2 protein chains.
Amino acid sequence: MGLNRTQRPQPVEAVRWLGDRLELLDQRKLPDETVYVTCRTAAETATAIRDMVVRGAPAIGCAAAFGMTMASKRGDILSDAEALLAQSRPTAVNLFWALERMRGAQDPEAAAVAIFTDDLASCRAMGLHGATLIPEGARIMTHCNAGALATAGHGTALGVIRSARDAGKNVSVIANETRPYLQGARLTAWEMVQENIPVTLIADNMAGHLMSRGEVDLVIVGADRIAANGDTANKIGTYTLAVLANRHGLPFYVAAPLSTFDAKLADGSGIPIEERPAAEMTGYGDKRWAPQGVSVRNPAFDVTPADLITAIITEHGVMRAPGRESIARTLAIGRLSTL
Amino acid sequence: MGLNRTQRPQPVEAVRWLGDRLELLDQRKLPDETVYVTCRTAAETATAIRDMVVRGAPAIGCAAAFGMTMASKRGDILSDAEALLAQSRPTAVNLFWALERMRGAQDPEAAAVAIFTDDLASCRAMGLHGATLIPEGARIMTHCNAGALATAGHGTALGVIRSARDAGKNVSVIANETRPYLQGARLTAWEMVQENIPVTLIADNMAGHLMSRGEVDLVIVGADRIAANGDTANKIGTYTLAVLANRHGLPFYVAAPLSTFDAKLADGSGIPIEERPAAEMTGYGDKRWAPQGVSVRNPAFDVTPADLITAIITEHGVMRAPGRESIARTLAIGRLSTL
């Protein structure tokens, strides 16, 4: 690990399409190992999503699209393949968005590739829009991993940070480790170290302390599903960060492509929250530290009410004080641009 | 592990005095192993405190008192022994309180034993006072371990829970795991499982979500140092819980003996916050998960402002909306009772 500073970092590729098979970077093994898992069917892709080989709402959408492409090429029953993929993880709406977009596709492979390349383009556009919100020298807190690993590349929240850096701003990142799956400690820290963006790792419970000491300038996170009113489901702990940012008068930004919006849901109360296995909470990997006999809760996401969100950054611009009207307008613009 | 339900739980003894040596339950190894570390000198005791063999503000005070007893019995230079102990950990004021109480002692062993037995009595008194605040059926969130393991026995925050249970109330506990040292997952969960008090383990970042879903009735924590105005230093993450409890209109209680008050500090800004080693943050035990090259912050405590505290429970009663005057009055009553 660690990067020789004379080398340029290799771009991170979470999802690789090879024409007949899908390669997914096994994010469970990062940062220790860089290993790809090969999927040749929709079922294998669904398993990889469920087991978190690939994670991050946009990357899940891309993987599902290629899963449907393989089902189509193999002549599988498409409704069965779609059902398998739809059951893999419940919260990220990008999964269902991608399945719907694939459903009507004349050329599934072309449609899946378009989902992938559109996502990369969206991340770069979010980066350009979002970078305007980042002050010189900003100390930016982020949660989980909303980076290249969570998307077709560049990232949503980390894409904004990358674009700010590319615009010449000296920024630094505070990465919350993000228990229980440690996406912050393992993935965000790794992405930032690879690119020589200064990154400081903290436990999730330290965020409030750092804010109270004036050591944080803003918070930026990704999203797994955004309701029509702006309520946002994201990795567990996001809601707490929004409450803390509000108390400390800090901007709280969400970066997400339009594929993350679920216009059918009036508000966040309808977003299904995935409960993950207990084993993730009683230890990590093969290490167990909790006593036998303890009960466990393991909700993987929480919902941040729209009124705690300073702005939502999409590929179509920055929505300040997001609400029903501004979101409907942005979604309409998005539909126009894909006609 | 796990308890045969026909057995009565053994009382937990974190600190055992054996007349010529001190035995400390090695809390780094719980819940996997129940092993005692023997200290025969003040220096060994200081090392055990620094390395967190023993932890919890009141238990640290007891251990330091026995450390001074051993120094006295061995004929060591007492000022050297005291300096070593004083340098072991900076935040918990009970350590300095115990050293001061030992300084003037005619009979050091008797003084140390009195500190120990007074602490146990204080915990039981806090339990009785605090239990009046706990409703039947309460779902009680706690952070870190403020239990028998953190005191001479019974516990502060967990002592209140035990006393509520002993008073016939059906209570259940939500234990925040408390990264990075996992005192909640390892120690609080273990204490509660031992006593058949229902306990649910969560990651620290899940507390806000559970509150937002109406699954928490109150929060109770211990303390490491309370300033004259009620500002309270406790395990990192406590401040965040207080902010969340405030947002959700939930009571936020602190249970601490008078030995935890530092009347010399006007407010919490003067409380020294210990920064612990980076290795605690980049993994757990021999398991490392963060990439090389990442920076780390590891503050072990934070400060909760008094205005977020619903009440402080001491051995002399319940102070609602604690402030400078009520604290001064309680400390004066405490001095009277030790005359």
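Bear in mind the structure is a predicted one, so any value in this text is a computation, not a measurement.
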Salt-bridge contact B:Arg179-B:Glu177 (side-chain N to carboxylate O under 4.0 Å):
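Looking at B:Arg179 and B:Glu177, the cut-off is not met.
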Once rounded to the nearest 0.5 Å, what's the spacing between atom [atom1] of [X] and atom [atom2] of [Y]?
X: A:Ile309; Y: A:Phe252; atom1: CD1; atom2: CZ; value: 6.0 Å
X: B:Tyr239; Y: B:Leu308; atom1: OH; atom2: CG; value: 6.5 Å
X: B:Trp190; Y: B:Leu149; atom1: CH2; atom2: CG; value: 5.5 Å

Against chain B, label [X] side chain, backbone, both or neither, depending on which of its atoms sit under 4.5 Å from a heavy atom there.
X: A:Ile174; result: neither
X: A:Arg213; result: side chain
X: A:Tyr284; result: both
X: A:Asp286; result: both
X: A:Asn205; result: both
X: A:Pro305; result: side chain
X: A:Arg247; result: side chain

Donor-acceptor pair between A:Asn298 and A:Glu280 side chains, under 3.5 angstrom
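The answer is yes; a qualifying pair exists.
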Within the 3.5 Å criterion, strictly below it, is a donor on B:Arg165 or B:Asn170 matched to an acceptor on the partner's side chain?
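No.
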Among [options], single out the residue with the greatest number of heavy-atom pairs under 4.5 Å to chain A.
options: B:Thr282, B:Asp302, B:Leu30, B:Leu187; answer: B:Asp302
options: B:Glu215, B:Met211, B:His209; answer: B:His209
options: B:Met192, B:Lys235, B:His248; answer: B:His248
options: B:Thr238, B:Ile236, B:Val294, B:Asn176; answer: B:Ile236

Please report the C-alpha distance between B:Arg55 and B:Asn145 in whole Å, then the side-chain angles of each, then the deciding distance to 0.1 Å, and finally whether the side chain to side chain contact (heavy atoms under 4.5 Å, CB included) criterion is met.
CA-CA 9 Å; B:Arg55 30 65 51 201; B:Asn145 173 268; 3.0 Å; yes
Heavy-atom side-chain proximity of [X] to [Y] below 4.5 angstrom:
X: B:Thr142; Y: B:Leu158; value: yes
X: B:Val303; Y: B:Ile273; value: yes
X: B:Leu250; Y: B:Leu218; value: no
X: B:Thr188; Y: B:Glu191; value: no
X: A:Val193; Y: A:Val199; value: yes

With chain A as the partner chain, list the residues of residues 224-234 of chain B whose heavy atoms fall under 4.5 Å from it, by residue number, and write 'none' if nothing qualifies.
none
With respect to chain B, which residue among A:Met206, A:Arg288, A:Lys287 yields the maximal number of heavy-atom pairs within a distance under 4.5 Å?
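The answer is A:Met206.
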